[in-house]
There are 2 protein chains.
Amino acid sequence: ENALVSGIAFQKDQVKITLHGVTDTPGIAYQILGPLSDENIEVDVIVQNVSVNGKTDFTFTVSEEDKSNAEAVLQNLKDVTYDDLIIDSDVAKVSLVGVGMRTHAGVASTAFKSLSDNEINIQMISTSEIKITIVIKEGALESAVKALHSAFELEK
Amino acid sequence: ENALVSGIAFQKDQVKITLHGVTDTPGIAYQILGPLSDENIEVDVIVQNVSVNGKTDFTFTVSEEDKSNAEAVLQNLKDVTYDDLIIDSDVAKVSLVGVGMRTHAGVASTAFKSLSDNEINIQMISTSEIKITIVIKEGALESAVKALHSAFELEK
Ligand SMILES: C[C@@H](O)[C@H](N)C(=O)O
Ligand SMILES: C[C@@H](O)[C@H](N)C(=O)O
């Protein structure tokens with residue numbers, strides 16, 4: 001397993017923004033991201049899961065610096081309605097970087113096991129072939145990084 | 001924008017599996033992924049968004065080949081309860097690959113605009129710094145790839 005994970009990256013200065021209850025119709029993702037991009041707000045992780053009953057949640061992270069700017073943009077969106085705008089600054093992002101993650105569900109399960117053993121709750125998950133990104137409570141960052149380093153036998 | 005996106009990858013043979021309504025407590029992600037990994041089931045995109053009222057949805061993709069195996073594993077999970085198991089084979093995965101996506105929310109917004117202009121609904125989104133992955137209906141794959149190629153002026 002170790003050869004697969006080459007490193008662990010993390011970022012504290014993250015703010016998680018969720019548009020809860022957007023309608024799942026073509027164009028909504030653009031109508032959220034377009035105005036943010038027009039304001040040069042750097043959006044990092046974007047996660048949207050499948051809709052249930054025609055609505056879904058659209059979550060992304062921005063830096064602390066862009067937080068109030070992003071909030072202003074989202075409160076003035078034209079063609080997008082949502083049930084709730086949830087902004088949470090008490091988060092950190094942790095990424096496991098490697099190669100060939102996809103062929104090894106074992107990497108993800110090893111990572112999730114080490115967090116579980118340390119009672120760390122995973123708030124968001126976003127993966128690609130070469131990277132697993134999770135969002136957790138900021139206060140859990142240090143123990144999460146420690147747990148993952150030891151699970152994958154990486155140098156600190 | 002174009003210099004940022006170096007290519008578009010896609011995969012038809014994907015099955016989207018959603019555990020709707022899992023409890024958002026430490027260990028649940030491991031208790032879902034662990035048994036799948038024990039069965040050597042290759043899990044590709046994993047997406048989980050923030051919970052609302054203590055529950056969230058956990059979605060991932062597997063190949064058609066692993067579909068029935070994965071279904072059997074999920075129906076026998078020990079410590080995980082969920083409201084619904086939703087399996088959808090009518091999906092395809094499209095990924096935009098590039099560098100420095102994060103600093104350019106414009107890349108994501110350009111991609112989402114081109115899909116919106118072609119009335120293509122985005123079912124799932126998962127991004128990292130160098131890749132945007134979306135899941136759409138399988139029938140929309142050809143027009144999505146065409147739309148994205150022209151939005152980023154890539155050779156077919
Ligand atoms: C929710 C949002 O992703 C919508 N499905 C869209 O295509 O834009
Ligand atoms: C839902 C699941 O991700 C849970 N929060 C966990 O930490 O495992």
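Keep in mind that this is a model prediction, so the values were computed, not measured. Every chain is numbered from 1 and lettered A, B, ... according to where its sequence line falls, protein lines coming before strand lines. Just so you know, these numbers use all the heavy atoms, side chains as well, and skip hydrogens, waters and symmetry mates.
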Would you confirm whether [X], through its side chain, and [Y], through its main-chain N or O, come within 3.5 Å as a donor-acceptor pair?
| X | Y | result |
| --- | --- | --- |
| B/Gln48 | A/Gln123 | yes |
| A/Thr59 | B/Asn49 | no |
| A/Ser126 | B/Ser126 | no |

| field | Over all atoms of both residues, closest heavy-atom pair of B/Ala29 and A/Ile125 | value | CB-CD1, 4.2 Å

| task | Of all the heavy-atom pairs spanning A/Ser109 and B/Tyr30, show the shortest one and how long it is. | result | O-CD1, 3.2 Å

What part of [X] gets within 4.5 angstrom of chain A, counting heavy atoms only: side chain, backbone, both, or neither?
| X | value |
| --- | --- |
| B/Thr18 | side chain |
| B/Ile122 | both |
| B/Val50 | both |
| B/Phe58 | both |

Quick one: of [options], who has the most non-hydrogen atom pairs under 4.5 Å with chain B?
| options | value |
| --- | --- |
| A/Asp57, A/Val47, A/Leu36 | A/Val47 |
| A/Ile86, A/Asp84, A/Val52 | A/Val52 |
| A/Ile134, A/Asn121, A/Leu33, A/Thr133 | A/Asn121 |
| A/Ser37, A/Ser95, A/Ser116, A/Pro26 | A/Pro26 |

| message | Within a 6.0 Å radius of atom CD on B/Glu64, are there more than 12 heavy atoms belonging to other residues, nucleotides or ligands? | response | yes

| Where does A/Leu115 contact chain B at under 4.5 Å (heavy atoms): side chain, backbone, both or neither? | neither

| task | Determine the option with the most heavy-atom pairs under 4.5 angstrom with chain A, choosing from B/Lys113, B/His20, B/Lys16, B/Gln31. | result | B/Lys113

